[in-house]
Amino acid sequence: MSEAQVVEQSAADVDEAGRRGSWLVLAGVLGAGVFGLLAVYLIGDRDPGLVTQAIATGILLGGVYALVSVGLTLIFGVLGIVNFAQGSMLTLAMYVVLTLVESTGMPVYVATVLAVPVMFGLGYVLQLTLLNKMTLSGSQEGPLLVTLGLSLLIVNVLLMVFSGRPKSVGTAIDGSLRVLGALLSWERVVAFLGAVAVTIILTTILRRTTFGLSIRAVASNPAGAALVGVNVGRVYGLTFGIGAACVAVAGGLMAPLVSLTPTVGEEFTILAFIIVVLGGLGNVFGAMIGGLLIGLVQTVGSLYLPGTGSLILVFGVFVLTLFLRPQGIFGGAR
Amino acid sequence: MSVTGQAAPPVGPSRPAWVRDRSARFQYTGLAILMAVLALLPYGLSDRGESVAVRSLIIAILAVGWNLMSGYGGLFSFGHAAFFGIGAYTDAYLVIAHGLSPWIAMVIGMVIAAVAGTVIAYLCLRYRLAGAYFALATFAFAQLFLLVVQNVDALGKTEGFNLKILPEESWWMMQFDSGSSSYVWIPAALLGLSLALVIGFSRSRTGQRVAAVRDDEVAAESLGIGVMKHRLIPVALSCMIAAVAGAYYTQYYFYVGPQQGFGAAVSIEAIVPAVIGGIGTVWGPVIGALVVGPLAELITELLRDPPGGLDFLQGLTGLDVAAYAVLLILIVRFMPRGIVGTLQRWRRR
């Protein structure tokens with residue numbers, strides 16, 4: 001066995017160990033989660049019906065959080081930049097949907113499908129014109145500042161065009177579903193299912209197609225990918241476009257659930273970042289698990305801390321993550 | 001973006017550094033001129049102009065502080081509101097609840113901010129979180145503080161604090177008649193002290209080590225420089241300066257609320273002037289604040305009474321921030337060294 005093979009072998013072992021470690025951590029986190037929920041039921045001093053309702057809402061909410069975070073983590077994993085405009089792009093997508101609905105009277109979900117290519121194109125163009133030069137030179141702060149500028153620009157242009165008055169896209173589907181005593185509106189269920197479907201489609205594209213292969217190649221070694229004929233700049237553009245398209249889907253699915261103002265998406269930037277850190281930077285599956293966990297923490301936490309109080313718990317989870325496992329649940333497996 | 005500091009002049013024995021060092025003499029002379037201009041400023045300004053000047057000075061102090069950590073220290077902070085807010089709230093709380101002098105409250109705020117900043121940075125650095133990851137972690141801490149302040153009774157929840165207006169002027173309580181020149185002189189002096197600290201620091205032995213750690217951590221460590229220590233020193237100094245800006249904010253406006261202290265907009269106000277002026281330069285943040293500070297006022301003025309052809313702009317909110325967002329994007333994209341950095345580069349050619 002040559003030395004190179006030995007090195008490869010031990011690297012694979014380390015990788016394997018890291019992966020096993022990740023699953024252990026995941027099992028630990030899930031165990032703690034289930035234990036926590038049981039504690040809330042048994043000694044939490046809250047009505048069990050309310051708790052069930054909070055858990056169900058939390059899971060559905062978490063699905064949509066996951067979708068926003070998947071876009072962010074994909075962009076981070078491939079381009080190595082944090083898109084600070086993720087939240088305001090979510091808002092922009094909602095306003096695109098609103099405009100389509102108001103001007104043509106089409107159903108919300110049809111408008112969502114139309115918003116996807118719009119946001120994809122926007123993301124692609126933004127990356128190619130504003131960000132690519134900096135991304136290719138490996139700068140982190142430059143793109144962060146540009147996306148910060150974009151975020152401010154989007155919010156304030158929306159404020160100029162639509163004013164700060166809350167708007168509504170109306171209801172998408174009436175009625176609700178009863179599961180184990182919890183009442184779930186169809187809009188939330190559709191949002192969750194849509195988010196899960198998009199995430200699965202995205203994972204499949206990344207794992208099974210040639211295009212997905214080129215994205216993964218660029219993520220792991222841009223110079224090597226360029227050598228074998230991948231157009232790195234274009235892949236960057238497309239990846240940013242996909243990140244924006246994720247947000248478009250999330251925006252359309254969430255639009256019926258919120259009262260729409262230009263700042264409605266802002267907190268999602270930091271929420272998505274926390275979720276991505278929790279799941280492991282650049283890890284799509286981690287972002288999904290992280291999204292569900294954070295959704296649950298927020299809704300179950302709001303049983304005890306009303307208003308913005310439950311967000312403190314979310315940040316508490318973030319600080320704990322930094323303390324205990326800064327690479328996130330799946331950080332070892334990358 | 002590459003963050004470049006001043007090149008170090010060769011170090012010789014005897015005479016103090018600032019006499020030996022031509023460029024330091026140049027910097028201190030510039031500082032003296034700036035202070036002279038600022039001292040005369042109240043005589044040439046209307047009340048309105050004075051309030052814009054004070055606002056710009058507060059932004060300048062904050063940006064100078066940010067630049068120390070992010071430009072000289074190389075740790076990009078997206079959450080300087082955390083330390084500005086600590087300064088502002090410490091001042092408000094101690095002055096209102098305990099009747100302390102704002103000067104003392106300011107110093108206590110500086111200490112608390114320095115400790116908080118050092119702990120946060122240490123937490124992040126322990127696992128070598130760098131670049132954008134570090135930036136967003138600091139942003140998350142600022143948001144956490146914002147939420148805590150909004151939910152704690154003793155900190156005024158969403159109401160914030162209002163300072164009591166005293167019947168007579170008092171230097172000790174930092175209160176003067178409205179429109180008094182002292183309201184400009186105090187932040188001008190604080191800005192001067194901060195700039196002197198930056199100039200002295202960047203030329204000190206410690207400052208040189210900090211720059212070495214920023215530029216090449218491994219090389220610096222192999223020369224025996226303590227990496228963690230020299231990463232945390234500029235953080236502590238930077239947080240202190242941000243707290244000073246916050247404390248003066250409370251004193252000048254007689255009010256501080258969660259958004260004014262810990263809001264994301266404050267963090268952005270710390271970053272944008274430094275980026276526009278030039279990260280890692282002494283004068284960049286000041287020049288940037290000179291652009292950003294009056295910009296909002298100019299645009300508000302423009303919107304109140306738009307010139308012909310621009311009537312559609314009347315009464316629009318959001319244009320001021322949109323304008324400086326565009327400015328930010330253009331500067332980062334086409335002039336990443338900022339105004340001062342670009343000028344320096346031309347001069348060297």
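Just so we're clear, the structure is a prediction, and the values are computed from it rather than from any experiment. Letters A, B, ... are given to chains in the order of the sequence lines, protein chains preceding strands, and every chain is numbered from 1.
With respect to A:Y65, the side chain to side chain contact (heavy atoms under 4.5 Å, CB included) criterion is satisfied by exactly one of A:L292, A:L293, A:V70, A:L271: A:L271. Partner of B:F76 under the ring-ring contact (aromatic ring centres under 6.0 Å, His included) criterion, out of B:F134, B:F139, B:W66: B:W66 alone.
A 6.0 Å sphere centred on OH of A:Y304 holds more than 12 heavy atoms belonging to other residues, nucleotides or ligands. Heavy-atom contacts from other residues, nucleotides or ligands closer than 6.0 Å to CZ of A:R234 number 12 or fewer.
In this structure, no portion of B:A323 lies under 4.5 Å from any heavy atom of chain A. With a threshold of 4.5 angstrom between heavy atoms, A:T129 approaches chain B through N, CA, C or O but not through any side-chain atom. For a residue to count as touching a neighbouring chain, one of its non-hydrogen atoms must lie under 4.5 Å from one of that chain's; by this rule B:I331 does not touch chain A. At a 4.5 Å heavy-atom cutoff, A:V314 makes no contact with chain B through either its backbone or its side chain. With a 4.5 Å cut-off on non-hydrogen atoms, B:F334 does not touch chain A at all. Residue A:L150 touches chain B through both its backbone and its side chain, counting heavy-atom pairs closer than 4.5 Å. The contact between B:I268 and chain A is made entirely by side chain atoms (from C-beta outward), counting heavy-atom distances below 4.5 Å.
No hydrogens or angles considered: a donor-acceptor pair under 3.5 Å links the side chains of A:T135 and A:Q127.
Between chain A and the residues B:L328, B:L144, B:L146, the largest count of heavy-atom pairs under 4.5 Å involves B:L144. Chosen from A:I274, A:V155, A:V82, the residue pairing most often with chain B at heavy-atom distances under 4.5 Å is A:V82. Contact count against chain B (heavy-atom pairs under 4.5 Å) is highest for A:I270 among A:I270, A:V146, A:L311.
B:E217 has a carboxylate O that lies under 4.0 Å from a charged side-chain N of B:R231, or vice versa, which qualifies the two as a salt bridge.
Panel note: side chain B:N67, backbone B:G280; a donor-acceptor pair is recorded below 3.5 Å.
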